[in-house]
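First listed ligand is number 1; within each ligand, the first listed atom is number 1. Owing to the predicted nature of the structure, the values given are computational and were not obtained by experimental measurement.
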Amino acid sequence: MTKKIGILTSGGDCAGLNAVIRAVVHSAHHKGWETIGILDGTAGLLKEEPDARVLTPHEFDGTVMRMGGTILGTTNKGDPFHFPMPDGTFKDRTDEIIANYEKLGLDAVIGIGGDGSHAILRKLAQAGGVPMVGIPKTIDNDIGETETSVGFDTAVSVATEALDRLQPTAASHDRVMILEVMGRDAGHIALTTGIAGGADVILLPELKYSLEKVAEKIQKVKEQGRNFALVVVSEAVTKPDGEPVWVTHTDGQKRYGGIGNYLGEQISQMTGSEARVTVLGHVQRGAQPTYNDRLVASTFGVKAVQLIEEGKFDRMVAWKNREVVDVAIEDAIAAYQAVDPEDTLVKTARGLGISLGD
Ligand code: F6P
């Protein structure tokens with residue numbers, strides 16, 4: 001039976017989203033179904049008429065899957081259940097979204113998002129919207145019940161390349177180079193990048209550290225005759241007393257940023273080494289997706305369409321043991337995935353002699 005499925009990207013963008021959209025459109029087309037792209041995440045459903053358009057397979061024949069970002073647009077602001085209105089009040093806008101879902105006449109919707117977006121989209125589906133299937137994406141790789149999420153591999157590749165570029169300049173100037181990477185509350189990017197890029201110190205929000213231990217490691221590197229050191233720190237790492245390092249943006253929201261500079265000053269003072277800080281920021285999100293993110297994206301897209309065909313809803317596609325599977329969205333949201341101190345990569349870092357500051 002012909003179906004009409006909707007697709008939207010929600011939350012922060014990342015590399016590989018266009019490859020997911022392409023996979024869904026191609027797979028649905030193969031079954032004779034139509035795909036409707038909803039623009040700007042839930043913001044596209046908060047207009048008087050839904051902001052959406054038909055997606056055709058030929059749009060995806062060329063460059064799109066190779067591009068970072070999302071051709072559909074996205075938003076990481078404005079919880080529709082508690083939406084900030086211009087007059088300063090908050091409004092539950094569920095009914096407007098459901099009315100727009102109905103106008104589109106969708107049989108199902110595929111939501112591509114992180115844990116926050118999955119929670120919102122699931123609640124909307126339950127409130128009377130259309131049945132939903134989720135696809136995990138986040139550079140932070142912190143969604144539970146899946147070993148990887150779309151965007152993580154590319155973010156790590158970008159960050160590793162940054163370390164590759166920092167190393168020769170560090171060696172040329174006898175410097176300690178500090179690379180601050182993203183990861184809102186989870187240190188997966190920092191840990192993976194630090195190992196792949198040959199860091200001497202990796203600091204994660206999941207492990208307490210002391211400045212003395214960090215300084216000790218840098219002194220040791222120097223004593224052993226090396227004239228540079230590389231430090232990777234996750235943006236969510238706090239000062240040793242637990243104080244978070246934030247930046248308050250014009251929208252009033254606090255976002256992590258600045259721990260690298262704090263560390264740079266402390267390390268310089270404690271070791272006498274010259275330190276320089278690179279804050280990688282959104283560069284990690286906007287890159288061309290790696291082959292691996294394109295593969296995961298393609299696999300997830302095809303599986304999501306298959307779930308709709310089987311009538312399996314309220315499920316999120318997931319990657320486990322080299323296989324694409326599906327899990328309950330509820331379980332994925334509940335099982336937030338921080339770095340486990342007993343994780344293989346934590347043990348690998350320690351085995352390599354990398355200091356985790358503890
Ligand atoms: O969750 C993804 C992420 O890139 C985090 O790693 C980062 O802290 C945050 O989003 C940045 O958000 P924004 O794009 O709103 O600055």
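- The contact set between ligand 1 and Gly183, taken as ligand atoms under 4.0 Å from a residue heavy atom, comprises 6 (O).
- No side-chain heavy atom of Glu180 sits less than 4.5 Å from a side-chain heavy atom of Tyr256.
- We find that Asp358 and Arg350 are joined by a salt bridge, their nearest charged nitrogen and carboxylate oxygen being less than 4.0 Å apart.
- Within a 6.0 Å sphere centred on CD of Glu330, other residues, nucleotides and ligands contribute 12 heavy atoms or fewer.
- With respect to Thr9, the side chain to side chain donor-acceptor pair (under 3.5 Å) criterion is satisfied by exactly one of Asp40, Thr70, Asn18, Thr75: Thr70.
- For atom 7 (C) of ligand 1, the closest heavy atom belonging to the protein is Glu235 OE2, 3.4 Å.
- Of the protein's heavy atoms, Asp140 OD2, 3.4 Å lies nearest to atom 2 (C) of ligand 1.
- Here Arg165 pairs with Glu161 in a salt bridge; the nearest charged N to carboxylate O distance falls below 4.0 Å.
- With Lys137, Arg285, His282 as candidates, the residue nearest to atom 10 (O) of ligand 1 on a non-hydrogen basis is Arg285.
- Atoms CD1 and CD1, from Ile5 and Ile110 in turn, are 4.0 Å apart once rounded to the nearest 0.5 Å.
- Contact annotation: for Ile189 versus ligand 1, there are no heavy atoms closer than 4.0 Å.
- At under 3.5 Å, a nitrogen or oxygen of Arg255, whether backbone or side chain, sits near a nitrogen or oxygen of ligand 1.
- For atom 9 (C) of ligand 1, the nearest non-hydrogen atom of the protein is Arg184 NH1, 3.6 Å.
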